[in-house]
Amino acid sequence: MKLLRVGPVGQERPVVMDGAGNLRDIGEPEIDGAFLASGGVARVRDALERDALPVVDVEGQRIGAPIARPGKIVCIGLNYSDHAAESGQDVPAEPVVFMKAANTMVGPDDEVLVPRGSVKTDWEVELAIVIGKRARYLESREEALGVIAGYAISNDVSEREFQLERGGQWDKGKSCETFNPIGPWLVTADEVGDPQNLPLRLWVNGELRQDGDTKNMIFDVAEVVRYLSQFMVLEPGDVINTGTPAGVAMGMPGQPYLRAGDMMELEIEGLGRQRQTVGQA
């Protein structure tokens with residue numbers, strides 16, 4: 001199933017896409033942690049199979065983030081060996097973990113703002129995991145996969161000077177406003193199948209910059225979730241960004257960082273496509 005939220009900021013309407021591509025009102029107040037924890041996905045699937053959900057006309061409306069504001073956004077850094085190499089970093093022995101502010105999340109086609117004073121705003125196409133069940137101290141890969149509600153495209157927008165040259169943690173370069181477009185859909189785990197077989201790509205102004213595949217992750221989806229559960233409690237609705245392949249501006253000749261007026265386009269096979277215009281904060 002593909003779950004999404006459509007409408008103006010703060011007034012998004014939860015809907016589901018049926019097999020014919022029609023959007024149907026899911027009859028739930030929101031797609032959030034409470035929805036996922038209470039069996040909302042199963043309820044919507046049952047209602048969809050019974051043809052009990054009305055078709056809605058949302059032509060021309062904005063697509064918002066597919067879930068309401070998460071409790072936390074957890075990120076894995078340097079999770080593709082080619083990206084570690086272009087960043088001048090060693091392949092990590094354990095997952096590199098950092099956090100993004102929850103209010104960085106925006107819709108898949110919303111404007112991305114270059115922060116004031118920024119000269120090194122960068123792009124990162126990533127597979128996002130959405131947690132569906134509370135998870136702590138998971139012992140196996142099977143347990144880890146069992147707490148995943150689904151997946152989405154994420155753009156882990158980053159400001160490299162803030163991240164790497166201003167002291168402290170990476171979070172400063174990761175938590176600026178609009179720095180986490182996600183969507184267009186939350187695709188349920190059963191529909192995605194193997195999360196380690198998903199090509200992912202990103203273009204800037206029509207030029208292909210990133211062309212990778214989740215099969216090349218250093219730490220795969222199951223291990224990322226299992227590992228994180230040893231250090232923090234994962235709650236329904238939490239988002240995990242799983243890392244980016246090579247092709248970011250920081251690793252390219254001339255470092256062509258984003259400027260107002262640029263256009264980013266992202267896709268992951270089976271998870272849809274994003275398109276963001278870059279503006280100035």
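Because the structure is a prediction, the values reported are computed rather than measured.
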Side chain to side chain contact (heavy atoms under 4.5 Å, CB included) assessment of Asp82 paired with Asn216: CA-CA 9 Å; Asp82 56 359; Asn216 296 322; over 6 Å; no
Inter- and intrachain pairs under ring-ring contact (aromatic ring centres under 6.0 Å, His included), touching residues 241-274, at least two apart: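 Residue pairs passing ring-ring contact (aromatic ring centres under 6.0 Å, His included), neighbours aside: none found.
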Verify whether one side chain among [X] and [Y] offers a donor that lies under 3.5 Å from an acceptor in the other.
{"X": "Ser158", "Y": "Glu124", "value": "yes"}
{"X": "Asn155", "Y": "Gln276", "value": "yes"}
{"X": "Gln230", "Y": "Tyr137", "value": "no"}

Atom [atom1] in [X], atom [atom2] in [Y]: separation rounded to 0.5 Å?
{"X": "Thr277", "Y": "Asp109", "atom1": "OG1", "atom2": "CG", "answer": "9.0 Å"}
{"X": "Glu126", "Y": "Tyr80", "atom1": "CD", "atom2": "OH", "answer": "7.5 Å"}
{"X": "Ile26", "Y": "Leu53", "atom1": "CD1", "atom2": "CG", "answer": "8.0 Å"}
{"X": "Ile31", "Y": "Leu3", "atom1": "CD1", "atom2": "CG", "answer": "4.5 Å"}

SB check [X] [Y] (cutoff 4.0 Å):
{"X": "Glu30", "Y": "Arg5", "answer": "yes"}
{"X": "Glu265", "Y": "Arg273", "answer": "yes"}
{"X": "Arg43", "Y": "Glu28", "answer": "yes"}
{"X": "Arg134", "Y": "Glu235", "answer": "yes"}
{"X": "Asp156", "Y": "Lys174", "answer": "yes"}
{"X": "Asp122", "Y": "Arg160", "answer": "yes"}
{"X": "Arg226", "Y": "Glu143", "answer": "no"}

Measure across [X] and [Y] and return the closest heavy-atom pair with its distance rounded to 0.1 Å.
{"X": "Ala149", "Y": "Leu36", "value": "CB-CD2, 4.0 Å"}
{"X": "Ile73", "Y": "Ala101", "value": "CD1-O, 3.7 Å"}
{"X": "Leu4", "Y": "Val6", "value": "CD1-CG2, 3.8 Å"}
{"X": "Leu113", "Y": "Thr178", "value": "N-OG1, 2.8 Å"}
{"X": "Ile153", "Y": "Pro184", "value": "CD1-CD, 4.4 Å"}
{"X": "Phe162", "Y": "Pro115", "value": "CE1-CB, 3.9 Å"}

Linking I/L/V/M/F/W/Y whenever their side-chain heavy atoms sit closer than 4.5 Å, directly or via other members, would Ile240 and Ile67 fall into one cluster?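 Different hydrophobic clusters.
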Polar side-chain atom of [X] near backbone of [Y] as donor-acceptor pair, under 3.5 Å:
{"X": "Asp220", "Y": "Glu223", "answer": "yes"}
{"X": "Gln169", "Y": "Asp171", "answer": "no"}
{"X": "Thr104", "Y": "Lys100", "answer": "no"}
{"X": "Gln255", "Y": "Ala249", "answer": "no"}
{"X": "Asn205", "Y": "Met263", "answer": "yes"}
{"X": "Ser118", "Y": "Val114", "answer": "no"}
{"X": "Ser229", "Y": "Leu138", "answer": "yes"}
{"X": "Thr214", "Y": "Asn197", "answer": "yes"}
{"X": "Asp25", "Y": "Gly27", "answer": "yes"}
{"X": "Glu159", "Y": "Val119", "answer": "yes"}

Stepwise side chain to side chain contact (heavy atoms under 4.5 Å, CB included) test for Trp203 and Arg209: CA-CA 5 Å; Trp203 294 259; Arg209 296 301 196 187; over 6 Å; no
Flag side-chain contact, heavy atom, 4.5 Å: [X] against [Y]:
{"X": "Gln196", "Y": "Val221", "result": "yes"}
{"X": "Leu202", "Y": "Asp211", "result": "no"}
{"X": "Thr121", "Y": "Phe179", "result": "yes"}
{"X": "Pro92", "Y": "Ile218", "result": "yes"}
{"X": "Asn241", "Y": "Ile182", "result": "no"}

Would Val130 and Tyr151 count as a side chain to side chain contact (heavy atoms under 4.5 Å, CB included) here? Give the steps. CA-CA 6 Å; Val130 178; Tyr151 303 90; over 6 Å; no
Scan for side chain to side chain donor-acceptor pair (under 3.5 Å) pairs involving residues 65-79, sequence neighbours excluded, and state none if there are none. Lys72-Asp238
Determine the sole option in Asn180, Thr242, Thr244 for which the side-chain hydrogen bond (donor to acceptor under 3.5 Å, both in side chains) test with Ser154 is passed. Asn180
Solution key, residues 55-66 side-chain donor-acceptor pairs under 3.5 Å, sequence neighbours excluded:
residue	atom	partner	partner atom	Å
Asp57	OD1	Glu59	N	3.1
Arg62	NE	Asp110	OD1	3.0
Arg62	NE	Asp110	OD2	3.4
Arg62	NH1	Gly7	O	2.9
Arg62	NH1	Glu12	OE2	3.0
Arg62	NH2	Asp110	OD2	2.8

Looking at Trp123, does the NZ or CZ of Arg201 lie under 6.0 angstrom from its six-membered ring centre and within 45 degrees of the ring axis?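 No, Arg201 and Trp123 do not form such a contact.
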Heavy atoms of other groups near Asp90 CG, more than 12 under 6.0 Å: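 Not more than 12 within 6.0 Å, no.
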